Amino acid sequence: MDLGFLLHTLTPSWNSVYLLAGFFTYLAIAGSILAGKLVPGVVLSDGTRLHYHCNGLLSLLLLVALLGIGAKMDFVSPTAISDRGLELLSTTFIFSFLVTLVLYFSGSKSQSKGSSLKPHVSGNLIHDWWFGIQLNPQFMGIDLKFFFVRAGMMGWLLINLSVFMRSIQDGTLSQSMILYQLFCTLYILDYFVHEEYMTSTWDIIAERLGFMLVFGDLVWIPFTFSIQGWWLLRNKVELPMAAAVANCFVFLIGYMVFRGANKQKHMFKRNPKAPIWGKPPKVIGGKLLASGYWGVARHCNYLGDLLLALSFSLPCGISSPIPYFYPIYLLILLIWRERRDEARCAEKYREIWAEYRKLVPWRILPYVY
C-alpha cells in the first residue's frame with residue numbers, strides 16, 4: 001500500500017459523513033423513544049442525580065434488524081462499513097475533534113453551579129480540552145457522555161458484522177474469524193444487557209467529557225478493538241482444536257471475573273448489605289467493599305477485562321503482533337488508570353484506603369501486581 005493510496009482511502013467522503021450522521025440520528029431517536037429501564041445515577045456532590053434511559057439492547061437489536069432488512073432489499077450494502085473502514089475512521093476522528101471544541105467553548109460559557117454542568121477550567125486550554133470541563137454536558141436533553149459510550153460499543157459490533165459479511169463474500173471465512181466474532185458479539189450483547197452497570201463506572205461518575213473520552217468512545221473503541229477482524233480478513237489462520245478450546249476458556253474466565261466484579265460493585269452501591277458470594281459483605285470504613293472479587297484485588301475487574309481482550313486476539317494465532325495491539329494497549333491503559341484511581345482514592349478515603357490496601361495488597365493480578 002503506497003502513501004498516495006493510503007491518503008486516498010483515509011480521505012473522508014460524503015458517503016462516510018452520511019453513514020455517520022445516519023448512525024447518530026438513529027441512536028438519538030431510538031434512545032429517546034424506545035422502551036427501557038430508567039436507572040438513577042449516583043448522587044453527585046451537590047446532592048443531585050441524573051437518570052439514564054437504558055434501552056441500548058433494544059436499540060441495538062432493532063438497528064441490526066433494520067440493517068438486515070435493508071440489505072435483503074438491496075437498500076444498504078452489508079459491507080458498506082468494511083468497504084469504507086479508513087475513511088470512516090478519519091471522518092469519525094474529525095467529528096470527535098470538532099465536537100470536543102464545541103464542548104469546550106460552550107462549557108466555558110456555562111453559568112451553572114450544579115455538579116453536572118459547572119465548568120472546571122484550569123486555565124490550560126490543551127488540558128481542559130483533553131480532559132473536558134463539564135461532567136455531564138447535554139444536547140437537546142441527551143446525556144452526551146452516555147450517548148457516546150453507547151455509540152462506540154454499537155459501532156464496534158457494526159464494524160465486526162460488516163467485516164464478517166465481507167469475509168463470507170470473499171470466501172475467506174475461517175474458524176478463527178467465527179471465534180473472534182462470537183466472543184466480541186457475546187461481550188457487546190452482554191454489555192447492553194447490563195447497561196445500567198455503566199452508570200456506576202468511573203468514566204460516568206467522575207471523568208469530565210473532553211477529547212480523551214469522546215475520542216476513546218467514538219474512535220478508539222470501534223476502530224482499534226476491531227483490528228483482529230480486519231487482520232483475519234487478510235490472513236488465514238487455522239487453530240488446532242486444543243488452542244480453540246483453550247481460547248474459549250480464556251474468554252469464559254475473563255467474562256466471569258469481569259462481569260462478576262462489576263456486578264458486585266454495582267450491587268454494593270445500590271445495597272451495601274447485599275450478600276457477596278453467599279456471605280455478608282466485608283466493608284472497610286463503611287464505604288469500601290473488601291469481599292468477593294474486591295477482596296482478591298483492588299481492581300480485579302481490570303484483570304477480567306484484560307483476559308477478555310486477550311481472548312479476542314488469540315484466534316489470530318501468534319504469527320504477528322498486530323492483532324495483539326488491543327490487549328497490549330489495554331494493559332498499558334489500565335495500569336495508568338489504576339494508578340490514577342489509586343491516587344484519587346487515597347486522597348478521598350485517606351485512612352480508610354490505607355486500611356483497604358493492607359487487607360487487599362494486590363492491585364490487579366494476585367501475587368504478581
Side-chain angles (χ1 to χ4, degrees), residues 24 26-45 47-64 115-116 135-139 141-158 184-209 213-214 216-218 221-222 225 254-277 281 283 287-289 291-294 299-302 304-305 308 337 341:
F24 287 145
Y26 168 82
L27 286 186
I29 295 173
S32 299
I33 66 174
L34 293 181
K37 185 177 181 180
L38 192 63
V39 177
V42 300
V43 178
L44 302 177
S45 59
T48 63
R49 69 194 314 172
L50 299 177
H51 288 76
Y52 298 91
H53 195 192
C54 293
N55 59 0
L57 180 63
L58 182 57
S59 299
L60 176 60
L61 294 177
L62 178 60
L63 176 57
V64 172
S115 296
S116 289
L135 183 63
N136 299 108
Q138 297 187 358
F139 177 71
I142 298 173
D143 183 278
L144 292 178
K145 188 190 294 183
F146 199 65
F147 178 85
F148 289 146
V149 173
R150 177 180 288 183
M153 294 298 292
M154 289 191 187
W156 179 16
L157 180 61
L158 293 181
C184 289
T185 300
L186 289 174
Y187 176 80
I188 295 168
L189 289 177
D190 176 81
Y191 171 89
F192 284 108
V193 168
H194 300 96
E195 189 178 31
E196 66 178 275
Y197 294 175
M198 185 65 192
T199 63
S200 60
T201 61
W202 187 262
D203 283 356
I204 294 294
I205 66 178
E207 295 281 17
R208 295 187 291 273
L209 187 62
L213 283 189
V214 175
D217 291 337
L218 298 184
I221 287 177
F225 289 17
Y255 172 77
M256 179 181 67
V257 175
F258 173 78
R259 178 52 61 211
N262 283 326
K263 184 175 182 179
Q264 287 176 356
K265 178 179 69 173
H266 181 79
M267 297 305 296
F268 174 73
K269 289 183 177 182
R270 298 297 184 212
N271 179 12
K273 296 183 180 180
I276 301 292
W277 288 347
V283 183
K287 296 180 178 180
L288 300 178
L289 177 64
S291 290
Y293 290 104
W294 301 96
H299 303 274
C300 202
N301 55 328
Y302 290 174
D305 219 351
L308 285 170
R337 173 170 287 188
D341 290 351

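The basis for the numbers below is simple: all heavy atoms, side chains too, and nothing from hydrogens, waters or symmetry mates. Computed from a predicted model, the values in this text were never measured in an experiment. Residues take their numbers from the sequence shown, with the count starting at 1.
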Which pairs with one or both residues in residues 193-204 pass salt bridge (Lys or Arg N to Asp or Glu O under 4.0 Å), sequence neighbours excluded? Lys37-Glu196, Arg150-Glu195, Asp203-Arg337
Smallest separation among heavy atoms of Gly155 and Pro222, with atom names: C-CB, 3.8 Å
What closest approach, in Å, do Asn55 and Ala30 show between heavy atoms, and which atom pair accounts for it? ND2-O, 3.2 Å
For Thr185 and Leu157, run side chain to side chain contact (heavy atoms under 4.5 Å, CB included): C-alpha distance rounded to whole Å, both residues' side-chain angles, the deciding distance at 0.1 Å, then the answer. CA-CA 7 Å; Thr185 300; Leu157 180 61; 3.8 Å; yes
Quick one: list whatever passes side chain to side chain donor-acceptor pair (under 3.5 Å) with Glu207, sequence neighbours left out. Arg340
If you round to the nearest 0.5 Å, how far is NZ of Lys145 from CD1 of Ile205? 9.0 Å
What's the spacing between Leu34 CG and Leu57 CG if we round to 0.5 Å? 11.0 Å
Are any of the side-chain heavy atoms of Thr199 and His266 separated by less than 4.5 Å? yes
Leu63 backbone acceptor or donor facing Tyr26 side chain under 3.5 Å: yes
Please name the pair of heavy atoms, one in Gly31 and one in Ser59, separated by the smallest distance, quoted to 0.1 Å. N-OG, 4.2 Å
Rounded to the nearest 0.5 Å, how far apart are CD1 of Ile204 and CZ of Phe146? 6.5 Å
Please report the closest heavy-atom contact between His299 and Asp341, naming both atoms and the distance. CE1-CB, 3.7 Å
Measure the CE-CG distance between Met154 and Leu60 for me, rounded to the nearest 0.5 Å. 5.0 Å
Please answer whether the main-chain N or O of Phe258 pairs with a side-chain N or O of Asn262 as donor and acceptor at a distance below 3.5 Å. yes
Does any part of the side chain of Leu135, heavy atoms only, come nearer than 4.5 Å to the side chain of Leu44, both counted from C-beta? yes
So, does Trp294 use its side chain to make a donor-acceptor pair with the main chain of Ala261 at under 3.5 Å? yes
For Val214, the side chain to side chain contact (heavy atoms under 4.5 Å, CB included) test, sequence neighbours excluded, returns Ser96, Val99, Thr100, Leu103, Phe148, Leu209, Leu218
Are the side chains of Leu50 and Ser116 in touch, meaning some heavy atoms are under 4.5 Å apart? yes
Side chain to side chain contact (heavy atoms under 4.5 Å, CB included), that's the test. Do Tyr197 and Lys269 meet it? Break it down for me. CA-CA 10 Å; Tyr197 294 175; Lys269 289 183 177 182; over 6 Å; no
For residues 254-266, which residue pairs pass the salt bridge (Lys or Arg N to Asp or Glu O under 4.0 Å) check, not counting sequence neighbours? Asp190-Arg259
Can you confirm if the aromatic rings of Trp156 and Tyr191 lie within a centre distance of less than 6.0 Å? no
List the residues meeting ring pair (Phe, Tyr, Trp, His ring centres under 6.0 Å) with His53, not counting sequence neighbours, and say none if there are none. none
Hey, what do you get for CD1 (Ile142) to OG (Ser32), rounding to the nearest 0.5 Å? 4.5 Å
Contacts of type ring pair (Phe, Tyr, Trp, His ring centres under 6.0 Å), residue Phe192, not counting sequence neighbours: none
Separation between CE of Met153 and SG of Cys184, rounded to the nearest 0.5 Å: 9.0 Å
Might you work through the side chain to side chain contact (heavy atoms under 4.5 Å, CB included) test for Val257 and Tyr293, ending with a clear yes or no? CA-CA 7 Å; Val257 175; Tyr293 290 104; 4.2 Å; yes
Close aromatic pair by centroid cut-off 6.0 Å: Phe147 and Phe139: no
Identify the two heavy atoms, one from Pro272 and one from Val283, that lie closest to each other, and give their separation to 0.1 Å. O-CG2, 4.5 Å
